[in-house]
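Notes to accompany the following structure.
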Amino acid sequence: MKESASSDDELDAIDLNILRHLQKNGRLTNADLATKVNISAATCHRRTQRLFKKKAIRGVRAIIDPTAIDLEVVVMVGVVLDRSTPESFAAFEKAVKALGFVIECYLIAGDYDYFLKIRVSSMQAFNRLHGNQLLTLPGVRQTRTFFVMKEVTDNAPLAF
């Protein structure tokens, strides 16, 4: 089996192959992963641990079917802040991170400052969150709401 060494600073072809396989199936055993990337189990374990340590792998979790937990409605919200300062961005981001219903938040360029991806059980549930929590976030001047009609792709594997 091929077991070339990898420097701690960069990812080599074996590391990328490990990442590809884990991205497709995070439940692979170390032995199965080692077989798929053609290295020994010990080498595979060392490399995988190194990938965690250098944060190439940020975590491992189950992907839950939103319908199983009554969170079928996806809402995208464009947010405009009243000021564009580092302090206003920091205050907004800190507050958004505390909201469990916001599953993604992006600082963007263009007409909005942020895009939020939110999952809720219904339009009524979103309406409550919007009025009680989103509009009260620090610095929010305006929001635009987009209800997702169909999820074409969600959480797709990274292409590399």
Side-chain angles (χ1 to χ4, degrees), residues 6 8-28 32-33 36-37 47-160:
S6 172
D8 281 344
D9 294 334
E10 60 185 61
L11 301 180
D12 66 12
I14 294 172
D15 293 329
L16 294 175
N17 205 8
I18 289 171
L19 292 174
R20 280 186 202 97
H21 284 287
L22 287 176
Q23 185 174 233
K24 288 178 191 169
N25 181 1
R27 293 188 65 168
L28 282 173
D32 288 340
L33 180 59
K36 287 182 179 294
V37 297
R47 282 177 172 261
T48 303
Q49 292 306 307
R50 188 176 118 279
L51 291 168
F52 273 104
K53 185 177 178 181
K54 64 184 295 173
K55 303 217 187 303
I57 301 173
R58 296 189 305 198
V60 178
R61 66 179 186 178
I63 299 172
I64 309 298
D65 180 354
T67 60
I69 55 171
D70 193 30
L71 293 176
E72 293 180 54
V73 179
V74 179
V75 186
M76 304 298 285
V77 179
V79 177
V80 178
L81 300 183
D82 56 9
R83 295 183 320 266
S84 294
T85 65
E87 296 80 20
S88 62
F89 290 152
F92 178 83
E93 290 171 15
K94 181 179 178 184
V96 163
K97 287 178 184 179
L99 300 176
F101 57 86
V102 176
I103 58 174
E104 295 177 20
C105 176
Y106 301 99
L107 175 64
I108 60 171
D111 293 338
Y112 302 98
D113 293 311
Y114 290 91
F115 263 169
L116 309 178
K117 181 178 179 182
I118 296 171
R119 278 201 175 270
V120 291
S121 60
S122 65
M123 290 177 83
Q124 294 79 11
F126 175 76
N127 192 35
R128 286 189 299 276
L129 294 175
H130 184 259
N132 297 333
Q133 293 181 278
L134 289 178
L135 292 177
T136 63
L137 288 169
V140 172
R141 178 176 52 144
Q142 178 185 28
T143 64
R144 288 285 161 128
T145 302
F146 305 88
F147 285 92
V148 174
M149 302 295 290
K150 177 182 177 183
E151 291 179 80
V152 177
T153 183
D154 181 44
N155 201 29
L158 300 174
F160 59 95

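Side-chain atoms are counted along with the backbone in the values below, which use heavy atoms only and exclude waters and symmetry mates.
How far CG of Asp82 is from CD of Gln142: 11.5 Å, rounded to the nearest 0.5 Å. Taking CG of Leu11 as the reference point, atom CZ of Arg50 lies at 6.5 Å (rounded to 0.5 Å). The structure places OG1 of Thr145 at 7.5 Å from CG of Leu134, a figure rounded to the nearest 0.5 Å. Interatomic distance, Leu33 CG to Arg27 CZ, rounded to the nearest 0.5 Å: 15.0 Å. Note that CZ of Arg119 and CD of Glu151 are 4.0 Å apart. Values are rounded to the nearest 0.5 Å. With rounding to the nearest 0.5 angstrom, the CG atom of Asp32 is 11.0 Å from the NE2 atom of His21.
The closest donor-acceptor contact from the side chain of Arg83 to the backbone of Gly139 lies at 3.5 Å or more, if one exists at all.
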Report the C-alpha separation of Leu116 and Leu99 in whole Å, then their side-chain angles, then the decisive distance to 0.1 Å, and conclude whether the side-chain contact (heavy atoms from CB on, under 4.5 Å) test is met. CA-CA 11 Å; Leu116 309 178; Leu99 300 176; over 6 Å; no

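Considering only residues two or more places apart in sequence or on other chains, Lys94 meets the side-chain hydrogen bond (donor to acceptor under 3.5 Å, both in side chains) condition with none of them. Looking at residues two or more places apart in sequence or on another chain, you find a side chain to side chain contact (heavy atoms under 4.5 Å, CB included) between Ser84 and Phe89, Asp113. Contacts of Glu72 classified as side chain to side chain contact (heavy atoms under 4.5 Å, CB included), with partners at least two apart in sequence or in another chain: Thr67. Legend: residues meeting side chain to side chain contact (heavy atoms under 4.5 Å, CB included) with Ala95, ordered by chain and number and at least two apart, are Leu137, Pro138. Listed by chain and residue number, His130, Phe147 satisfy the ring-ring contact (aromatic ring centres under 6.0 Å, His included) test with Phe126 (two or more places apart in sequence, or in another chain). Residues that satisfy the side chain to side chain contact (heavy atoms under 4.5 Å, CB included) test with Asn127, not counting sequence neighbours, are absent from this structure.
More than 12 heavy-atom neighbours from other residues, nucleotides or ligands sit within 6.0 angstrom of CD1 on Ile69. For Met76, the CE atom is densely surrounded, since the number of other residues' heavy atoms within 6.0 Å is greater than 12. Around atom CZ of Arg144, no more than 12 heavy atoms belonging to other residues, nucleotides or ligands sit under 6.0 Å away. Counted within 6.0 Å of CG on Asp65, heavy atoms from surrounding residues, nucleotides or ligands total more than 12; the atom is thus considered enclosed.
When all heavy atoms are compared, the tightest approach of Cys105 to Phe92 is SG-CE2, 4.4 Å. Nearest heavy atoms, Ser121 versus Val73: O-CG2, 3.7 Å. A pairwise comparison of heavy atoms in Asp111 and Val80 identifies O-CG2, 3.6 Å as the closest pair. Nearest heavy atom pair, residue Asp12 against residue Ile14, reads OD1-N, 3.0 Å. Residues Gln23 and Leu158 share a closest heavy-atom pair of OE1-N, 2.7 Å. Of all the heavy atoms in Leu19 and Phe160, the pair that sits closest is CB-CZ, 3.7 Å.
Here Lys117 pairs with Asp154 in a salt bridge; the nearest charged N to carboxylate O distance falls below 4.0 Å.
In this structure, the side chains of Gln124 and Arg128 come closer than 4.5 Å at one or more pairs of heavy atoms. The shortest side-chain heavy-atom distance between Val77 and Tyr112 does not fall under the 4.5 Å cut-off. With contacts defined as side-chain heavy-atom distances shorter than 4.5 Å, the pair Val60/Phe52 qualifies.
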